[in-house]
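Heads up, the thing below is written out as structure tokens.
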Amino acid sequence: MTPQDHARAAADLLQAESSGQQIGLLTKGHPDMGMDDAYAVQNAIYRAKLAAGQKVIGWKIGLTSKAMQYALNIDIPDSGILFDDMLFETGATVPAGRFIQPRIEAEIAFVMKTPIGGAEVTRAQVIAATDYVTPSIEILDTRILRADPETGQTRSVFDTISDNAANAGIVLGRERHSLDAHDLRWVGAITSRNGEVEETGLGAGVLNDPVESVVWLARRMAQYGQSIEPGQVILSGSFIRPVECPSGSDIHADFGAFGSVDIRFA
């Protein structure tokens, strides 16, 4: 893909987000598309949103579980950018029509107190840079069709990364915990929709330990000249499969002693 292709794809995705009308698979029109192309499209969206006055509040990490990596035939996670207009309070209602095909995932969120970055970031540095951890829900959406209606071809990881790693929203719990107060590998969630349990999982599903997920993010960001800033939120990755959220969905993620998070879709 050329820089012009990256810019055009970014513009199409931004239009899809504002109009609610999905676009076709980028990988269908650009079959040779690669990882660098995907992040170039994502970066073009990032620049456009900054120019429009939006602010970055953090980063998300996706595809951290082996099950999702096997499903997409990749062996590394991906990442996306959290903007200020994506933040919802726990217990809030998402307005009807805000998203196209929303889904949610349960995750452990890190909130950072000091900057961290570089290709050699260590686990100890991530721990030292973390202010607190909190339960969270990530809202996913797709501005790209999940499958091509003509060929049946499904989205690839390159489509998803281009589409800001499918991120659309973030809901943080009220509870704040010191990183050493819980073994995050054993922090889990029972996630229910309209009172029925849909998914359960444990933090160990995230690269064996959510801290390692943040290490991966900091090192990947260094490849693109980026770093994690104080106050930013890091969604460390889901340990459940995505839960579909059609209109009327009432979501409750029960993290036990770690806390809970709620969001409703009008």
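Count residues from 1 along the sequence.
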Enclosure of Arg176 CZ (heavy-atom neighbours >12, cutoff 6.0 Å):
no
Is any side-chain heavy atom of Leu179 closer than 4.5 Å to one of Leu184?
yes
pair Glu105-Glu199: side-chain heavy atoms closer than 4.5 Å
no
Before giving the answer on side-chain contact (heavy atoms from CB on, under 4.5 Å), spell out for Gln54 and Asp84 the whole-Å C-alpha distance, their side-chain angles and the decisive distance to 0.1 Å.
CA-CA 6 Å; Gln54 292 178 242; Asp84 53 356; 3.8 Å; yes
Got a donor-acceptor contact below 3.5 angstrom from the Thr93 side chain to the Ala266 backbone?
no
Is any side-chain heavy atom of Ser213 closer than 4.5 Å to one of Phe110?
no
Looking just at side-chain N and O atoms, do Ser227 and Glu229 make a donor-acceptor pair shorter than 3.5 Å?
yes
Verdict with reasoning, Thr191 to Phe239, per side-chain contact (heavy atoms from CB on, under 4.5 Å):
CA-CA 11 Å; Thr191 306; Phe239 43 76; over 6 Å; no
salt_bridge(Arg155, Asp163) N-O dist < 4.0 Å:
no
Give a yes or no on whether Val243 and Leu202 share a hydrophobic cluster (residues Ile, Leu, Val, Met, Phe, Trp, Tyr; joining criterion: side-chain heavy atoms under 4.5 Å apart).
no
Verdict with reasoning, Arg220 to Gln226, per side-chain contact (heavy atoms from CB on, under 4.5 Å)
CA-CA 9 Å; Arg220 189 212 67 79; Gln226 300 168 324; 3.6 Å; yes
Roughly how far, to the nearest 0.5 Å, is the CD atom of Glu89 from the CD1 atom of Ile263?
9.5 Å
Quick one, Leu217 and Trp59 - any side-chain contact, counting heavy atoms below 4.5 Å?
yes
Has the side chain of Arg219 got a donor or acceptor atom that lies under 3.5 Å from a matching backbone atom of Val121?
yes
Mind telling me whether Phe258 and His177 have parallel, tilted or perpendicular rings, with 30° and 60° as the class edges?
parallel
Which residue is it: Glu198, Arg103, Glu138? I am looking for the one with a side-chain contact (heavy atoms from CB on, under 4.5 Å) to Pro242.
Arg103
Flag yes if more than 12 heavy atoms outside Glu244 fall under 6.0 Å of its CD atom; otherwise flag no.
yes
With no hydrogens and no angle check, just 3.5 Å: does a side-chain donor-acceptor pair link Asp159 and Ser162?
no
Taking C-beta and beyond as the side chain, do Met221 and Ser79 meet within less than 4.5 Å on heavy atoms?
no
Minimum-distance pair of heavy atoms, taken over all atoms of Ser260 and Asp262:
OG-OD2, 4.3 Å
Can you tell me how far apart CG (Leu87) and CD1 (Ile57) are? Round to the nearest 0.5 Å.
4.5 Å
Which heavy atom of Phe265 sits nearest to which heavy atom of Pro102, and what is that distance?
CE2-CB, 3.7 Å
Donor-acceptor pair, distance only, cut-off 3.5 Å: does the side chain of Thr64 make one with the backbone of Val206?
no
Donor-acceptor pair, Thr2 side chain versus Asp5 backbone, under 3.5 Å?
yes
Please confirm whether the backbone N or O of Ile81 pairs with a side-chain atom of Asn164, one donor and one acceptor, at under 3.5 Å?
yes
Residues two or more places apart in sequence or in another chain: which of them pass side chain to side chain contact (heavy atoms under 4.5 Å, CB included) with Gln22?
Ile100, Gln101, Thr142, Leu145
Please report the interatomic distance CD1(Ile108) to CZ(Arg185), rounded to the nearest 0.5 Å.
11.5 Å
Non-hydrogen atoms of Gln232 and Gly58 that approach each other most closely:
CB-CA, 3.9 Å
Tell me whether Trp186 is reachable from Leu207 by hopping between hydrophobic residues (I, L, V, M, F, W, Y) whose side-chain heavy atoms are closer than 4.5 Å.
no
Under 3.5 Å: donor-acceptor pair, side chain of Asn194, backbone of Asp250
yes
Atom CG in Asp37, atom NE2 in His30: separation rounded to 0.5 Å?
8.5 Å
Path from Val261 to Ile190 over hydrophobic side-chain contacts below 4.5 Å
no
d(Asp131 CG, Thr114 OG1) to nearest 0.5 Å is 9.0 Å
To the nearest 0.5 Å, tell me how far Ile144 CD1 sits from Thr154 OG1.
12.0 Å
If we only count heavy atoms from C-beta on, is the Ile23 to Arg143 side-chain gap below 4.5 Å?
no
Treating Lys49 as the side-chain partner and Phe83 as the backbone partner, does any N or O pair qualify as donor plus acceptor under 3.5 Å?
no
Residue list, side chain to side chain contact (heavy atoms under 4.5 Å, CB included) with Asp180, at least two apart or on another chain
Ser178
Determine the minimum heavy-atom distance between Ser136 and Leu172, stating which atoms define it.
CB-CD2, 3.9 Å
side-chain contact (heavy atoms from CB on, under 4.5 Å) for Leu63 and Thr160? Distances and angles first, verdict last.
CA-CA 10 Å; Leu63 305 178; Thr160 303; 5.8 Å; no
Main-chain N/O of Thr134 paired to Glu175 side chain as donor or acceptor, under 3.5 Å:
no
Measure the shortest side-chain to side-chain distance between Lys60 and Ile170 over non-hydrogen atoms and say whether it is less than 4.5 angstrom.
no
Do we get Arg98 above Phe88's six-membered ring, with its NZ or CZ under 6.0 Å from the centre and within 45° of the axis?
no
Closest non-hydrogen atoms of Ala109 and Val233, given as atom of the first, atom of the second and distance, are CB-CG1, 4.1 Å
Please determine whether the number of non-hydrogen atoms from other residues, nucleotides or ligands lying under 6.0 Å from atom CZ of Arg174 exceeds 12.
no
Whether Gln153 side chain and Asp148 backbone form a donor-acceptor pair below 3.5 Å:
no
Is there a path of hydrophobic side-chain contacts, each under 4.5 Å between heavy atoms of I, L, V, M, F, W or Y residues, that connects Ile61 with Leu140?
no
Would you say that His182 contacts Val133 through its side chain, given a criterion of any heavy-atom pair below 4.5 Å between the two side chains?
no
Where do Phe99 and Ile139 come nearest, in terms of heavy atoms and distance?
CE1-CG2, 3.8 Å
